[in-house]
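Please read all numbers here as calculations on a predicted model, not as lab measurements.
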Amino acid sequence: MLQSALVRVPTEDLKRLLALLHRGELQCPLTPVEVTRCGFQVHMESLLGHLRGLETPAVRAVLTAVLSERIAAQERMPRLV
């Protein structure tokens, strides 16, 4: 279901995916084989639904934007002291 975007992919998994991309260990454009090879098959639908067909710079930009939004949202949350 494309409506959930990358919301269902945990932040830590997105960070690992971005790290693989930075190290050149993730090949773009993403394919089902590549997603599985890197161990992200549980997130296949979300990842391919939004990142399929994108080249490395575009995937990097999307992952960076999503992670930045999540970090900013987390920083806005009130903390118990």
Undergrad: Determine whether Pro29 and Glu34 make a side-chain contact, defined as any pair of heavy atoms from C-beta on separated by less than 4.5 Å.
TA: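 With C-beta onward as the side chain, the pair stays apart.
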Undergrad: Which distance, rounded to the nearest 0.5 Å, do you find between the CD of Glu25 and the CG of Leu17?
TA: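 Rounded to the nearest 0.5 Å, the CD-CG separation comes to 11.5 Å.
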Undergrad: Can you tell me how far apart CG (Leu47) and CZ (Arg8) are? Round to the nearest 0.5 Å.
TA: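 With rounding to 0.5 Å, CG (Leu47) is 13.0 Å from CZ (Arg8).
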Undergrad: Considering only heavy atoms from C-beta outward, does the side chain of Leu30 approach that of Phe40 to under 4.5 Å?
TA: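 Side chain of Leu30 against side chain of Phe40, heavy atoms only: no contact under 4.5 Å found.
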Undergrad: Rounded to the nearest 0.5 Å, what separates atom CE in Met44 from atom CD in Gln41?
TA: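 Answer rounded to 0.5 Å: 6.5 Å.
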Undergrad: Let me check something: do Leu26 and Val42 share a hydrophobic cluster, defined by ILVMFWY side-chain heavy atoms less than 4.5 Å apart, either directly or through other members?
TA: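 In one cluster with Leu26: Val42, no.
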Undergrad: Distance from Leu51 atom CG to His43 atom NE2, nearest 0.5 Å?
TA: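 Answer rounded to 0.5 Å: 12.5 Å.
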Undergrad: Which atom pairs, one a donor and one an acceptor, fall under 3.5 Å between side chains of residues 62-70 and the rest of the protein, sequence neighbours left out?
TA:
from: Thr64; atom 1: OG1; to: Arg60; atom 2: O; distance (Å): 2.7
from: Ser68; atom 1: OG; to: Thr64; atom 2: O; distance (Å): 2.8
from: Arg70; atom 1: NH1; to: Val9; atom 2: O; distance (Å): 2.8
from: Arg70; atom 1: NH1; to: Thr11; atom 2: OG1; distance (Å): 3.0
from: Arg70; atom 1: NH2; to: Leu6; atom 2: O; distance (Å): 2.7
from: Arg70; atom 1: NH2; to: Val9; atom 2: O; distance (Å): 3.0

Undergrad: If you measure from CZ on Arg16 to CG on Leu18, what distance do you get to the nearest 0.5 Å?
TA: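 So the gap between those two atoms works out to 12.0 Å.
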Undergrad: Give, for atom CG of Leu48 and atom CG of Leu54, the distance between the pair rounded to the nearest 0.5 Å.
TA: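 Leu48 atom CG to Leu54 atom CG measures 10.5 Å (nearest 0.5 Å).
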Undergrad: Partners of Arg52 by salt bridge (charged side-chain N to carboxylate O under 4.0 Å, His left out), sequence neighbours excluded?
TA: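 Once residues adjacent in sequence are excluded, Arg52 has no partner under the salt bridge (charged side-chain N to carboxylate O under 4.0 Å, His left out) criterion.
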